[in-house]
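Note sheet for the following structure.
Nothing here was measured: the structure is a model prediction, and the numbers come from that model.
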Amino acid sequence: MSSHLRSPWRLCAVSCAFGALLGAFVLTAHGSAREQSAVQQTKAAISDAKARALLTLFVGSWEVRGTTVGADGASTGPFQGQCHFNWTLGGVFLAGDHVLYNQEGAALQIMDVMGFTPGVGFTRSEITNGDRSMFLSTGMYDDAPNAMVFSSANPMLTPDGKRRSLDTSFMFRPDGTIVWNTTFEEDDSPAGTVKLVLTRMQTPPAMQAPSTPFGAPMIAQAAAGQGAAPPTAAASGGNFIVQTQQGLAVTRAPQSMEENKQLLSAMLQQRQQLQAQMNAMQGQVQDMSRMMTAATGP
């Protein structure tokens, strides 16, 4: 066969081989993408009832112990503290209040709010007394480890200008404990991990129930703490919010919009007073990652 005839055949053979290779690559890539999509669907496919059931697992008071692992692999701790979760805003969101103490006794306060929207997934916001901006995270449920996993959607900057973000997971163990892992990254490189284990309190902190027909006590006022005689409902002019030896309490359910406003106002004022006391007791910390990894730094 002459050379001018062999060349087209050689070109055809090469083209066919390349086409077959490209086709195999496309099929492989399509199959891989389909598998990844299936994995994502498995993680994201969760009903509204299932999501609420998972969030309900947090509700209550927890003792916390934890350790931290620095970027160099060194570990320090333990840290300890308390976590308290409850439904808020009419049961729409789950709110958490947390206080952690390092070995020097410095306090880190964390407040977070979690929620779930069908078709969107979990969302979480977190603020601390060490960061001047809040972390906003999106999350999903991963069935394999039985965990809720979150990634921050608003990277921040460290004091030296590095891009900082965090990944958070809450793993539900068969024994009822919850493992709360937070991994910090700076410029997409690991900068430390905090592992906290939440164990439900056998005796949650609470004030003794007042001798009133309705409701639980609120925080004691200064007058009661100084030994003043607590007024009864009658002595309070019929006011349904009264002072007992155990603290403020309500004697019955609010019966009007105005009484609803009075009760909500009293509760908010009590919360602000409690927060002011906590602010006065807290040590000054820079941020969660630096506090938890200070002992592992160079």
Side-chain angles (χ1 to χ4, degrees), residues 36 39 43 58 62-83 85 96-112 114 122-142 144-175 177-199 278 281-298:
Q36 292 179 1
V39 171
K43 291 184 178 181
F58 288 97
W62 306 79
E63 294 179 350
V64 183
R65 295 188 72 84
T67 56
T68 181
V69 178
D72 59 355
S75 178
T76 187
F79 302 99
Q80 58 185 347
Q82 294 184 1
C83 288
F85 289 96
D97 282 307
H98 323 283
V99 180
L100 303 176
Y101 301 93
N102 64 8
Q103 292 174 311
E104 287 72 39
L108 174 71
Q109 184 184 6
I110 306 170
M111 299 172 64
D112 62 351
M114 289 186 276
F122 291 98
T123 54
R124 179 173 182 262
S125 63
E126 175 184 306
I127 57 177
T128 77
N129 62 322
D131 287 292
R132 299 178 65 179
S133 298
M134 68 173 60
F135 286 99
L136 304 175
S137 302
T138 58
M140 62 178 62
Y141 173 68
D142 193 343
N146 191 24
M148 293 166 53
V149 293
F150 294 88
S151 293
S152 57
N154 61 329
M156 299 183 186
L157 293 178
T158 64
D160 55 356
K162 294 182 179 180
R163 185 173 178 271
R164 186 163 75 100
S165 60
L166 59 84
D167 295 323
T168 307
S169 66
F170 297 93
M171 184 172 65
F172 306 100
R173 286 177 167 175
D175 63 0
T177 59
I178 299 176
V179 178
W180 177 357
N181 286 329
T182 302
T183 300
F184 298 90
E185 294 183 351
E186 294 181 359
D187 284 347
D188 298 323
S189 297
T193 299
V194 177
K195 179 178 180 180
L196 304 174
V197 178
L198 281 59
T199 303
M278 183 171 288
M281 291 187 294
Q282 284 179 342
Q284 298 300 314
V285 294
Q286 295 298 316
D287 59 61
M288 186 173 184
S289 60
R290 285 201 291 276
M291 188 194 89
M292 293 299 188
T293 60
T296 64

Hey, are the side chains of [X] and [Y] touching, using non-hydrogen atoms and a 4.5 Å cut-off?
X: V99; Y: Q82; answer: no
X: F85; Y: I178; answer: no
X: L196; Y: H98; answer: no
X: D187; Y: K162; answer: yes

Examine distances only and state if a side-chain atom of [X] and a backbone atom of [Y] form a donor-acceptor pair shorter than 3.5 Å.
X: S152; Y: L166; result: yes
X: S169; Y: M148; result: no
X: S125; Y: D112; result: no

For the pair R65 and E63, find out whether any cationic side-chain nitrogen is under 4.0 Å from an anionic carboxylate oxygen.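 Judged by the 4.0 Å cut-off on N to carboxylate O distance, R65 and E63 do not form a salt bridge.
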Can you tell me how far apart [atom1] ([X]) and [atom2] ([Y]) are? Round to the nearest 0.5 Å.
X: F184; Y: D167; atom1: CZ; atom2: CG; result: 10.5 Å
X: T199; Y: W62; atom1: OG1; atom2: CH2; result: 8.0 Å
X: S133; Y: N154; atom1: OG; atom2: CG; result: 7.5 Å
X: Y101; Y: L108; atom1: OH; atom2: CG; result: 10.5 Å
X: T182; Y: K195; atom1: OG1; atom2: NZ; result: 12.5 Å
X: T128; Y: M111; atom1: OG1; atom2: CE; result: 11.5 Å

Give a yes or no on whether M156 atom CE has more than 12 heavy-atom contacts from other residues, nucleotides or ligands under 6.0 Å away.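 Correct, the count exceeds 12.
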Between L100 and V194, does a side chain to side chain contact (heavy atoms under 4.5 Å, CB included) hold up when you go through it step by step? CA-CA 12 Å; L100 303 176; V194 177; 5.8 Å; no
Aromatic rings F58 and F172: how do their planes relate, parallel, tilted or perpendicular, breaks at 30° and 60°?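 Correct class here is perpendicular.
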Parallel under 30°, tilted from 30 to 60°, perpendicular over 60°: which one fits the rings of F170 and W180?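 Answer is tilted, since the angle falls between 30° and 60°.
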Please name the pair of heavy atoms, one in V179 and one in R173, separated by the smallest distance, quoted to 0.1 Å.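 Taking V179 first and R173 second, the nearest heavy atoms are CG2-NE, 3.2 Å.
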